Every structure is written in structure tokens, then in C-alpha cells.
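Quick caveat, the model's predicted, so the values are computed rather than measured.
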Amino acid sequence: MVALLASRTLSVPIACTPQKVVDFVSNPANLPQWASGLCLSVKQTASGWIAETPYGPMPVRFVEKNSLGVLDHYVMTTPGVEVYVPMRVLPNGEGSELLFTLFRTPDMSDAKFEEDATLVRQDLDTLQKLLGQ
């Protein structure tokens with residue numbers, strides 16, 4: 001039998017083009033503007049982007065820019081442990097729909113999973129306000 005992680009996909013409509021969402025979200029320098037649940041600040045180093053988080057520095061990397069609206073990224077929460085974060089932007093009428101899938105890791109409590117989902121919802125709402133203007 002295949003072991004599966006629990007997951008929750010959250011989405012938000014954004015009143016701007018998918019390309020504008022992709023351009024903004026895929027730039028790690030913009031993380032502090034919208035990902036307050038993860039990132040207090042961010043800096044680029046020779047080895048990549050490092051997010052300063054409430055839990056200490058965490059390397060962050062996005063997949064290569066693409067025309068498909070894929071904004072997947074990876075966060076190294078502890079040395080050797082990289083968390084996959086799937087994220088997509090889809091056309092929605094004249095605007096966009098941004099989807100974020102949150103996976104529950106095997107060691108994550110129900111309360112922590114709910115807390116993370118709440119933080120993701122806040123981050124998506126922030127993106128909606130930032131980009132929908």
C-alpha cells in the first residue's frame with residue numbers, strides 16, 4: 001500500500017493577469033511582502049536564497065520560470081529536510097486563481113496543520129490585496 005500525506009489545497013482569486021502573479025510570486029525577493037507566515041526577510045547568497053524565518057534561516061528555491069503557471073518551491077526546514085510546496089496560478093476570467101497545496105508531514109500535529117493552513121490563507125489573502133490593486 002502506498003502511504004499518502006494528508007493535504008489541503010487553498011485558493012484565492014486575484015484581479016490581475018496570471019503572468020503578473022507568476023512574475024511577482026516566483027521572485028524570492030518578494031517573499032517578505034506576502035509570505036509572512038514563512039519569511040521575515042530574505043537574502044540572496046552564492047548558494048541561493050535564504051529566508052529568515054521565526055524558526056531560523058531556511059534555504060528556499062523555486063522551480064525554473066515557466067509558461068504554465070507552476071510556482072512550486074522547496075523550503076529546507078532543517079538540514080537535509082526539504083519540504084515541497086506546490087503552487088499554481090490559473091487563468092480565471094480576466095484575472096487569476098492562485099492555488100497552494102499544503103501537505104501534512106508525518107510528525108505534524110492536528111493543531112500545527114491547522115496553524116499552517118491559517119498562515120497560508122493569510123499569505124494568499126495578502127497576495128490578493130497586493131496584486132489585485
Side-chain angles (χ1 to χ4, degrees):
M1 175 168 275
V2 175
L4 298 174
L5 299 174
S7 67
R8 183 174 305 161
T9 299
L10 302 140
S11 69
V12 64
I14 300 178
C16 72
T17 66
Q19 190 60 54
K20 184 176 176 184
V21 176
V22 167
D23 290 345
F24 186 82
V25 173
S26 67
N27 182 350
N30 293 329
L31 280 167
Q33 293 181 58
W34 66 270
S36 63
L38 165 70
C39 183
L40 305 171
S41 65
V42 67
K43 64 183 176 186
Q44 188 171 18
T45 68
S47 60
W49 289 91
I50 307 294
E52 291 298 329
T53 78
Y55 310 103
M58 292 185 189
V60 176
R61 66 182 177 89
F62 280 81
V63 296
E64 288 187 30
K65 285 200 176 191
N66 60 80
S67 62
L68 301 174
V70 176
L71 296 167
D72 293 2
H73 51 285
Y74 299 83
V75 179
M76 188 170 292
T77 56
T78 57
V81 178
E82 195 171 55
V83 175
Y84 171 57
V85 183
M87 200 169 180
R88 305 285 187 279
V89 62
L90 309 171
N92 178 350
E94 294 179 9
S96 304
E97 189 76 19
L98 184 62
L99 294 88
F100 185 113
T101 299
L102 176 66
F103 287 109
R104 180 178 174 175
T105 59
D107 61 336
M108 187 180 286
S109 69
D110 291 343
K112 178 64 175 153
F113 188 57
E114 290 306 317
E115 176 186 334
D116 283 2
T118 297
L119 293 172
V120 168
R121 169 55 54 205
Q122 291 170 356
D123 292 347
L124 294 177
D125 290 346
T126 298
L127 276 169
Q128 183 183 48
K129 289 174 188 143
L130 279 172
L131 299 175
Q133 300 176 6

Spacing of [X] atom [atom1] and [Y] atom [atom2] [to the nearest 0.5 Å]:
| X | Y | atom1 | atom2 | answer |
| --- | --- | --- | --- | --- |
| Ile50 | Met76 | CD1 | CE | 9.0 Å |
| Phe24 | Leu71 | CZ | CG | 12.0 Å |
| Thr17 | Asp23 | OG1 | CG | 7.5 Å |
| Phe113 | Leu102 | CZ | CG | 4.5 Å |
| Ile14 | Leu124 | CD1 | CG | 7.5 Å |
| Leu119 | Leu10 | CG | CG | 11.0 Å |

Problem - Pair Arg8-Arg104, side chain to side chain contact (heavy atoms under 4.5 Å, CB included): steps then yes or no - result: CA-CA 8 Å; Arg8 183 174 305 161; Arg104 180 178 174 175; over 6 Å; no
Exercise for the section: Check Val60 against Ala51 and note the closest heavy-atom contact, atom names and distance. Expected result: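 Of all heavy-atom pairs spanning Val60 and Ala51, the closest is CG2-CB, 3.7 Å.
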Practice task
Work out which heavy atom in Val42 is nearest to a heavy atom in Pro28; give both atom names and the distance.
Solution key: CG1-O, 3.4 Å
Practice task
Please report the C-alpha distance between Asp125 and Arg121 in whole Å, then the side-chain angles of each, then the deciding distance to 0.1 Å, and finally whether the salt bridge (charged side-chain N to carboxylate O under 4.0 Å, His left out) criterion is met.
Solution key: CA-CA 6 Å; Asp125 290 346; Arg121 169 55 54 205; 3.5 Å; yes
Please tabulate, one pair per line, all N/O donor-acceptor pairs under 3.5 Å involving side-chain atoms of residues 32-39, not counting sequence neighbours.
| from | atom 1 | to | atom 2 | distance (Å) |
| --- | --- | --- | --- | --- |
| Gln33 | NE2 | Asn30 | OD1 | 3.2 |

[X]-[Y] co-clustered via ILVMFWY side chain contacts under 4.5 Å:
| X | Y | value |
| --- | --- | --- |
| Val22 | Val12 | yes |
| Val85 | Phe62 | yes |
| Met58 | Trp49 | no |
| Tyr55 | Val120 | yes |
| Leu98 | Val75 | yes |

Problem - Modelled atom types, side-chain donor and acceptor of Ser11 and Glu97, under 3.5 Å - result: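 Yes, Glu97 and Ser11 have a side-chain donor paired with an acceptor closer than 3.5 Å.
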Practice task
Hey, could you give me each pair passing side-chain hydrogen bond (donor to acceptor under 3.5 Å, both in side chains) that has a residue in residues 74-83? Not counting sequence neighbours.
Solution key: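 Checked against side-chain hydrogen bond (donor to acceptor under 3.5 Å, both in side chains) - neighbours excluded - the pairs reaching residues 74-83 are Arg61-Glu82.
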Exercise for the section: Could you tell me whether Lys65 atom NZ has more than 12 heavy atoms of other residues or ligands within 6.0 Å of it? Expected result: yes
Problem - Side-chain donor or acceptor of Ser96 paired with backbone N/O of Cys16 under 3.5 Å - result: yes
Problem - Under 3.5 Å: donor-acceptor pair, side chain of Asn66, backbone of Gly69 - result: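 Here the side-chain-to-backbone pair exists.
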